[in-house]
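Written below as structure tokens is the structure these notes are about.
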There are 2 protein chains.
Amino acid sequence: MPTSYDVARLAGVSQATVSRALSGGSVSAQTRKKILDAAKAVGYVPNMGARAMKTGRVNTIGVVVADLRNPFYPEILDALTCYLDAAGQKVTLWNSDGPGNDAALEAINAGSVDGVIFTTVTEASAPLRAALRRHSPVVLINRTVEGLGCDQVSSDNVAGGRAVADYLLENDHQRIAFIGGPSTASTARDRFLGFSQRLADAGAPLPSERVLEGPFTHDFGFSATTRLLTADHPPTAVFCSNDLIAFGALDAARAERAVVPDDLWIVGYDDIAMSAWPAFDLTTVHQPSGTMAEAGAQALLDRIASPTAPYRTLTFRSHLVVRGSTAGTAPSTP
Amino acid sequence: MPTSYDVARLAGVSQATVSRALSGGSVSAQTRKKILDAAKAVGYVPNMGARAMKTGRVNTIGVVVADLRNPFYPEILDALTCYLDAAGQKVTLWNSDGPGNDAALEAINAGSVDGVIFTTVTEASAPLRAALRRHSPVVLINRTVEGLGCDQVSSDNVAGGRAVADYLLENDHQRIAFIGGPSTASTARDRFLGFSQRLADAGAPLPSERVLEGPFTHDFGFSATTRLLTADHPPTAVFCSNDLIAFGALDAARAERAVVPDDLWIVGYDDIAMSAWPAFDLTTVHQPSGTMAEAGAQALLDRIASPTAPYRTLTFRSHLVVRGSTAGTAPSTP
DNA sequence: CTGAAAGCGCTTACAG
DNA sequence: CTGAAAGCGCTTACAG
């Protein structure tokens, strides 16, 4: 690869002037032209590693996702890469549950990335706490950790769960079930919390045999719903804590010859694009995943610029989207 | 961030010895221990940018994807990140149709990545050709470019299309349609090629009004199928050049009250995980996406190690998976 | 506006 | 086995 010295020689100037011309320093118009021509002629591109050593910035953001097979994450990742790309940042991707998180944190120390966005944090690991103590730029999107000293972006999962409870109550459901993701995920916990509390407040608490917890997958939605429908008093409505589980529930209902929504109402969470497909036509809680991703990306860029600024918690509003997997009118208190 | 000098001071050795101890050079056991202890004490992690300047390697691979909303790509990306992670490589992601490709190529010149994997190439851009002339490490996965001088990994899309034609012919379909992705994609072209040639060979060429081309989306599958079903002589079978289009076709068939498979057979391509869900139960052509991704990743690592080795073309076998969206027996020549 | 020089944090021959 | 020194390719005060 050609270096700035090669360009300097060809343009008949010093290497320092080449650097200035290419990184926006003050250079005379004709010198700049000579340099740009020479750079193009030799195919020069500044070496980012060398630049980073001086500037201390690599213009690269780390993103940690788990479970790309849940379409919710590709949607987040899509928004994230587009936004960061437009901001002139590269994106380094880690795909992992658990320990891979720490690799991303270490990459901050190694100067491979300027900061990290976590989309699926489950708890504050020791390395994460250490990184925050050091004011390493870290942002949590989607899942959050209560009281953790860093910027966090999510939607109001408690209110979302509550809205579903209100909706089912207003439509006179008596036997209601909940199929939830793992309680290690704050999203699953919060949705359950809002949902179950509102039901309890209304004097119709969820019996434990109608609360099933498992992974955020179609498989689990299918098996859990099959179990519910083949029990003695099958529910008339089930709230699934994400859309993937709800799709599994829909498939299970069909397999058990339960008509949706006549025999069983099914509600999901996330409103991923597929939910609107006729094959599912799923009533679900919409959260603004793209907006959340962008807000998180911007929060990280801000954090990198001001490592010791007070940290912020952004909570976006969510709302119920009523479709064919339920038959009721929309809730009166939206 | 602490540097190797900080560690050296604490351990009472020279900076050079620290570097040796941490990058596998020969150091006495007790010196190594002192150094590792000191490194841990100050939280030292070698700076990757500085290391890269000496070694010329950043241990980072660029991956270019487009259309993360097609679950096929997250499946590829998942396999890719897991494989490269295990190989000690970071992954830099570009998400773009078209021009973003060139950013990835430039990143090779800038020393930000050691090589690039393209998953959705449509043609050989001038920068791509220039990069290959320079022996920049580049691998094409999934979509290919005929005759391009680089490693390419795909599955046999022509044979896949042919297998679908055989299957439909053996089950006596007379009116057959094809809904294809954009002809800029080699996959769409090859699947159509194998399919249409085999039909023509059998004396039943596809009439042009039953060949529809558009994007690889559910929307397009839906609208195209609606058009086909509301025409004068609706087809009895439709081959969609990916699963997403086929899902749209299934939804359209239901909307038009055409029973699948009694009135209409639908066949997809890719065999993404969702195809097996009861909601779709789609007959489709399986391609080993995970294996292809791993082969492509390894090919790139090999290429980086040997930039001027002869380039290789890997073509994996595909096979028809018969499910409920068709009713026939599996083809006699698998 | 331009150039000479220092330094970012490593690795790696080269001596000892 | 260990240390002194050079150099990877930039950016950026500091002079002029």
Side-chain angles (χ1 to χ4, degrees), chain A residues 1-39 42-60 88 90 106-114 134 304, chain B residues 1-39 42-60 88 90 106-114:
Chain A
M1 293 290 122
T3 72
S4 55
Y5 285 90
D6 299 317
V7 177
R9 198 174 312 122
L10 186 60
V13 298
S14 76
Q15 180 273 333
T17 302
V18 172
S19 176
R20 247 183 240 110
L22 272 63
S23 45
S26 58
V27 183
S28 78
Q30 63 173 5
T31 305
R32 163 164 286 123
K33 178 166 177 6
K34 271 194 307 188
I35 290 172
L36 293 180
D37 288 349
V42 300
Y44 171 70
V45 177
N47 181 287
M48 288 306 159
R51 174 175 288 177
M53 285 197 66
K54 291 301 292 181
T55 63
R57 291 275 300 269
V58 288
N59 294 316
T60 303
K90 286 180 286 296
E106 187 163 300
I108 298 179
N109 295 337
S112 300
V113 300
D114 296 322
R134 232 179 287 119
I304 289 166
Chain B
M1 293 289 121
T3 71
S4 55
Y5 285 91
D6 299 317
V7 177
R9 197 175 313 122
L10 186 61
V13 297
S14 74
Q15 179 273 334
T17 302
V18 172
S19 177
R20 249 183 239 110
L22 272 64
S23 44
S26 57
V27 183
S28 77
Q30 62 173 3
T31 304
R32 163 164 287 123
K33 178 167 176 6
K34 272 194 306 190
I35 290 173
L36 292 180
D37 289 348
V42 299
Y44 171 70
V45 178
N47 182 287
M48 289 306 159
R51 173 175 288 178
M53 286 197 66
K54 292 300 293 182
T55 62
R57 290 275 299 270
V58 287
N59 294 316
T60 302
K90 286 181 286 297
E106 187 162 301
I108 298 179
N109 295 336
S112 300
V113 300
D114 296 322

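So that the names make sense, note that chain A is the first sequence line, chain B the second, and so on, each numbered from 1.
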Bounds of contact between DNA chain C and chain A, in 5' to 3' order, using a heavy-atom cut-off under 4.0 Å: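 Range of nucleotides within reach of chain A: C:dC1 to C:dG9.
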
Of all pairs that satisfy salt bridge (charged side-chain N to carboxylate O under 4.0 Å, His left out), the ones with a partner from residues 3-14 of chain A, not counting sequence neighbours: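 Only A:Asp6-A:Arg9 qualify under salt bridge (charged side-chain N to carboxylate O under 4.0 Å, His left out).
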
Pairs meeting criterion salt bridge (charged side-chain N to carboxylate O under 4.0 Å, His left out) with involvement of residues 22-34 of chain A, two or more places apart: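 Those involving residues 22-34 of chain A are A:Lys33-A:Asp37.
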
Whichever of B:Tyr5 and B:Met53 has its nearest DNA chain D nucleotide further upstream toward 5':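 Nearest nucleotide further toward 5': that of B:Tyr5.
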
Residues in side-chain hydrogen bond (donor to acceptor under 3.5 Å, both in side chains) with [X], at least two apart?
{"X": "A:Ser14", "result": "A:Thr17"}
{"X": "B:Ser4", "result": "B:Gln15"}
{"X": "B:Thr31", "result": "B:Ser28"}
{"X": "A:Lys54", "result": "none"}

Restricting to non-hydrogen atoms, name the atom on [X] and the atom on [Y] that form the minimum distance, rounded to 0.1 Å.
{"X": "B:Pro2", "Y": "B:Val42", "result": "CG-O, 3.2 Å"}
{"X": "A:Leu36", "Y": "A:Leu22", "result": "CD2-CD1, 4.2 Å"}
{"X": "A:Ile35", "Y": "A:Val7", "result": "O-CG1, 3.8 Å"}
{"X": "B:Val58", "Y": "B:Gly111", "result": "CG1-O, 3.2 Å"}

Separation between CZ of A:Arg134 and CG of A:Asn109, rounded to the nearest 0.5 Å: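 Spacing of CZ (A:Arg134) from CG (A:Asn109) equals 4.5 Å.
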
Nucleic acid contacts of residues 43-51 of chain A, taken as heavy-atom distances under 4.0 Å to DNA chain C: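 When residues 43-51 of chain A is checked for heavy atoms under 4.0 Å from DNA chain C, there are no hits whatsoever.
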
Sugar-phosphate only, base, or nothing, as touched by B:Ser26 at under 4.0 Å among non-hydrogen atoms: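 Base: the residue B:Ser26, judged by heavy atoms under 4.0 Å, touches a nucleobase.
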
Non-neighbouring partners of A:Ile304 that pass side chain to side chain contact (heavy atoms under 4.5 Å, CB included), sequence neighbours left out: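 Checked A:Ile304 against side chain to side chain contact (heavy atoms under 4.5 Å, CB included); matches are A:Arg57, A:Ile61, A:Asp114, A:Pro137, A:Leu300.
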
Name the atoms and distances for all side-chain donor-acceptor pairs under 3.5 Å in residues 43-52 of chain B, with sequence neighbours left out.
{"unit_1": "B:Asn47", "atom_1": "OD1", "unit_2": "B:Gly49", "atom_2": "N", "d": "2.9"}
{"unit_1": "B:Asn47", "atom_1": "OD1", "unit_2": "B:Ala50", "atom_2": "N", "d": "2.9"}

Intra- and interstrand pairs of DNA chain C - dot-bracket, Watson-Crick/G-U under 3.5 Å, | marks other strand: |||.||||||||.|||

Those residues of residues 11-21 of chain B lying under 4.0 Å from DNA chain D by at least one heavy atom: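 B:Val13, B:Ser14, B:Ala16, B:Thr17, B:Arg20, in order of number.
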
